Every structure is written in structure tokens, then in C-alpha cells.
Participant: 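Can you read through this structure? Questions will come right after.
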Amino acid sequence: MSTLAIFGYGPGLGAGTARHFGRNGFRIAVIGRDPVERAAALRAEGIDAEPFIADVTDPAQLLDVIGRVEEKLGPIDVALHSAAADMSVRSATTIDVDLPSLALPIALKVHSPILLTRALLPAMLARGSGTLLFTSGASEEYLQPYLANVGVALGAQRAYVRQLAREVEGSGVYVGLFAIGSLIENSAVQSVIDADPDLVPAGLVLPRIGNAELGARLWQMYTERDTVEVEVGFAS
């Protein structure tokens with residue numbers, strides 16, 4: 001049985017992806033700060049899932065959890081890095097972006113993906129197979145000053161993933177970047193915004209997308225393996 005490890009598992013994208021891959025024969029490594037109940041919820045649906053506690057922004061914890069997953073479940077065939085910052089880390093405006101405001105977004109969307117890649121890619125290249133998937137958002141491509149610090153980190157992540165994908169072409173390893181331009185239903189961020197709509201600038205309406213659709217699109221990326229960058233949920 002193949003293993004999908006979801007780094008930064010949440011009730012939105014993580015759950016939707018786990019269900020889709022799990023129903024297609026994958027066992028799921030649920031990795032995050034509170035994975036026990038979430039893995040249990042998957043098992044209640046008949047999906048083979050194991051919880052692993054880790055803060056994926058902490059280098060030591062990230063490397064340790066990779067070792068624990070592989071010790072228990074075997075090699076990681078597909079890794080999804082889907083950790084996302086909550087609304088509390090946003091910058092008020094682009095002018096307000098400073099080094100402290102960049103620390104968590106950079107740790108989350110640049111340092112952590114690079115550490116994950118360096119830990120998993122050598123074995124994938126040796127096997128001649130494997131998949132590394134990373135998630136992004138709207139603030140890298142569209143002007144959203146209230147998320148400018150996150151946009152800076154997403155821009156750096158995009159540059160890294162695009163170059164990485166080019167370098168592994170023909171190796172049997174697939175690298176993809178999944179950019180989501182809508183608020184994910186059932187996600188932690190949706191819950192926060194629904195509880196406090198003033199977190200979103202006045203006049204800005206955020207489109208919403210279901211996590212089942214996102215899981216299906218990630219499965220399509222994994223199976224077709226022909227597009228490095230995929231966008232979903234962006235206004236046309």
C-alpha cells in the first residue's frame with residue numbers, strides 16, 4: 001500500500017485530500033499539532049490513517065516526524081506540504097511588512113518545504129518514483145496588501161518549486177504547486193473569518209471552495225503528472 005503524508009493536516013484541504021487518496025488505496029499519515037482526532041475521523045470512514053504530532057515549522061520536529069512516519073508506514077510515496085498560517089500573522093499593509101512579520105510565513109512556506117524536500121527527495125530519486133506537492137494561495141499572484149507578508153513567502157516558494165520541478169524532469173519524481181484562490185470550506189481559516197468577518201477588508205468578498213473538489217484536483221495532479229503549477233478557485 002502506498003503512503004500519502006500530509007504535512008500540516010487541517011480540516012479543510014488536508015481532510016479533502018486524505019479522503020480522496022484514501023478511497024483510492026492510500027494509507028494516510030496525518031501530521032500536525034493535533035492529528036489524533038483527525039486520523040480517527042478518517043478511520044471511522046474506512047480510511048487507513050495514522051496520526052503523527054509535529055510542528056512542521058520546527059526543523060528538528062519536521063525531520064523527526066519524517067523518520068517516525070517511515071519507520072511505521074514505510075517510504076513516503078506522496079508528500080503534501082499544506083501547512084498554512086492563520087489570519088493572526090497577516091500584515092496590515094505592504095508598507096508595514098518588516099523582518100519580524102516575515103519570519104513565520106518564510107518558515108512555513110520556504111524553509112519547511114526546502115527541509116522536507118531535502119529529507120525525501122534523495123530516496124525518491126534513488127527509487128525513480130515519488131511525488132512532492134506544495135500548496136500556495138492568492139496573495140502571491142494578486143495584490144492583497146493585507147496579506148503582503150504571506151505573499152512574499154509564497155513568491156519565494158513558487159520560485160523554489162518551479163526550479164525544483166525543472167531539475168527533476170525525467171527522474172520519475174513529480175513536483176507540483178497547487179495554488180488555491182478561494183476560502184476553503186470546513187477549514188480553520190473559514191471558521192476564524194466566519195466568527196470575525198472584520199478580519200477581511202471591507203468590500204472584499206472571498207469566494208469559497210469545497211475541500212472535496214480540492215482533493216480531487218490534487219489527485220488529478222498526482223495521476224496526470226504533466227503540469228507543475230495548477231490554480232483553482234481564482235476569479236476569472
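Since the structure is predicted, the reported quantities are computational estimates derived from the model, not experimental observations.
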Participant: Would you tabulate the side-chain donor-acceptor contacts of residues 116-128 under 3.5 Å, counting partners in other chains and residues two or more places apart, or write 'none'?
Facilitator:
{"residue": "T117", "atom": "OG1", "partner": "P113", "partner atom": "O", "Å": "2.8"}
{"residue": "R127", "atom": "NH2", "partner": "I76", "partner atom": "O", "Å": "3.3"}

Participant: How close do L108 and A83 get, heavy atom to heavy atom, and via which atoms?
Facilitator: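 Looking at all heavy atoms of both residues, the shortest contact is CD1-CB, 3.6 Å.
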
Participant: Among V30, V65, L80, find the residue that satisfies the side chain to side chain contact (heavy atoms under 4.5 Å, CB included) test when tested with F7.
Facilitator: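 Only match with F7 under side chain to side chain contact (heavy atoms under 4.5 Å, CB included): V65.
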
Participant: Here's a test for you: under side chain to side chain contact (heavy atoms under 4.5 Å, CB included), which of V78, T131, L218 qualifies with L4?
Facilitator: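 Looking at V78, T131, L218, the match for L4 under the side chain to side chain contact (heavy atoms under 4.5 Å, CB included) is V78.
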
Participant: Test side chain to side chain contact (heavy atoms under 4.5 Å, CB included) on T227 and M221; report intermediate values, then the result.
Facilitator: CA-CA 7 Å; T227 305; M221 289 177 70; over 6 Å; no

Participant: Rounded at 0.5 Å granularity, tell me how far CD1 in I180 sits from CD in E213.
Facilitator: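 Separation between the atoms: 10.5 Å.
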
Participant: For P35 and P51, work out which heavy atoms get closest and say how close.
Facilitator: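 Shortest heavy-atom contact: O-CB, 3.6 Å.
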
Participant: Quick one: which residue pairs count as a side chain to side chain donor-acceptor pair (under 3.5 Å) with a foot in residues 99-111, not counting sequence neighbours?
Facilitator: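 Output for this query lists D98-S101, K109-T135.
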
Participant: Examine I114 and L63 and state if one hydrophobic cluster contains both, with Ile, Leu, Val, Met, Phe, Trp and Tyr joined whenever side-chain heavy atoms are less than 4.5 Å apart.
Facilitator: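 Unlinked, I114 and L63 end up in two clusters.
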
Participant: Angle class for the F26/W219 ring planes (parallel below 30°, perpendicular above 60°, tilted otherwise)?
Facilitator: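 Perpendicular, since the angle between the ring planes exceeds 60°.
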
Participant: Any side-chain to backbone donor/acceptor pair from Q61 onto D55? Under 3.5 Å, distance only.
Facilitator: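 Checking the backbone N and O of D55 against the side chain of Q61, a donor-acceptor pair under 3.5 Å is found.
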
Participant: List the atom pairs, donor and acceptor, that lie under 3.5 Å between side-chain atoms in residues 162-169 and the rest of the protein, sequence neighbours left out.
Facilitator:
{"residue": "R162", "atom": "NE", "partner": "E229", "partner atom": "OE2", "Å": "3.4"}
{"residue": "Q163", "atom": "NE2", "partner": "A159", "partner atom": "O", "Å": "3.1"}

Participant: Checking D58 side chain against A54 main chain: does a donor-acceptor pair fall under 3.5 Å?
Facilitator: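 Not at all, since once roles are kept as given, no pair shorter than 3.5 Å links the two residues.
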
Participant: Taking only residues two or more places apart in sequence, or in another chain, which ones meet D48 in a salt bridge (charged side-chain N to carboxylate O under 4.0 Å, His left out)?
Facilitator: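 Scan of D48 (salt bridge (charged side-chain N to carboxylate O under 4.0 Å, His left out), adjacent residues dropped) gives none.
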
Participant: Count I, L, V, M, F, W, Y as connected when their side-chain heavy atoms are under 4.5 Å apart, and connections chain through other members. Are V173 and F134 then in the same cluster?
Facilitator: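 Looking at the clustering, F134 is in the same group as V173.
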
Participant: When clusters are formed by joining ILVMFWY residues with side-chain heavy atoms under 4.5 Å apart, either directly or through shared neighbours, do V110 and L62 land in the same one?
Facilitator: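 Yes, same cluster.
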
Participant: Identify which one of V69, I66, I6 satisfies the side chain to side chain contact (heavy atoms under 4.5 Å, CB included) criterion when paired with F52.
Facilitator: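 One option only clears the test, and that one is V69.
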
Participant: Check whether any side-chain heavy atom of L133 lies under 4.5 Å from a side-chain heavy atom of Y174, and answer yes or no.
Facilitator: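 Yes; the side chains approach each other to less than 4.5 Å.
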
Participant: Look only at the side chain of S112 and the backbone of V56, and say whether a donor-acceptor pair between them is shorter than 3.5 Å.
Facilitator: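 Yes, the answer is positive, given that a donor and an acceptor are paired below the 3.5 Å cut-off.
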
Participant: Do the side chains of V228 and F178 join up, straight or via other hydrophobic residues, at under 4.5 Å, putting them in one cluster?
Facilitator: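 Per the 4.5 Å side-chain linkage, V228 and F178 are not co-clustered.
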
Participant: Mind checking the NE2-CZ spacing from H20 to R217? Nearest 0.5 Å is all I need.
Facilitator: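 The distance works out to 11.5 Å.
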
Participant: Return the minimal non-hydrogen interatomic distance between P105 and A153, and the atom names on each side.
Facilitator: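 Between these two residues, the closest heavy atoms are O-CB, 3.4 Å.
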
Participant: Determine which pairs satisfy side chain to side chain donor-acceptor pair (under 3.5 Å) with at least one residue from residues 3-16, sequence neighbours left out, and list them in order.
Facilitator: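 For residues 3-16, and leaving out neighbouring residues, the side chain to side chain donor-acceptor pair (under 3.5 Å) pairs sorted by first residue read T3-R27.
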
Participant: Please enumerate all residues that pass salt bridge (charged side-chain N to carboxylate O under 4.0 Å, His left out) together with E50, with sequence neighbours excluded.
Facilitator: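 K72.
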
Participant: Any chance you could measure T57, atom OG1, to I106, atom CD1, to the nearest 0.5 Å?
Facilitator: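 So the gap between those two atoms works out to 13.0 Å.
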
Participant: Can you establish whether the number of heavy atoms outside R33 located under 6.0 Å from its atom CZ is more than 12?
Facilitator: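 Open.
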
Participant: Take Q157 and S136 through the side chain to side chain contact (heavy atoms under 4.5 Å, CB included) test and state the conclusion after the steps.
Facilitator: CA-CA 8 Å; Q157 178 190 235; S136 185; 3.9 Å; yes

Participant: What's the separation between atom CG in L132 and atom NE2 in H81, rounded to the nearest 0.5 Å?
Facilitator: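 If I round to the nearest 0.5 Å, the distance is 11.0 Å.
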
Participant: Hey, would you say the Y222 and F21 ring centroids sit under 6.0 Å apart?
Facilitator: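 Yes, the ring of Y222 comes within the 6.0 Å limit of the ring of F21, centre to centre.
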
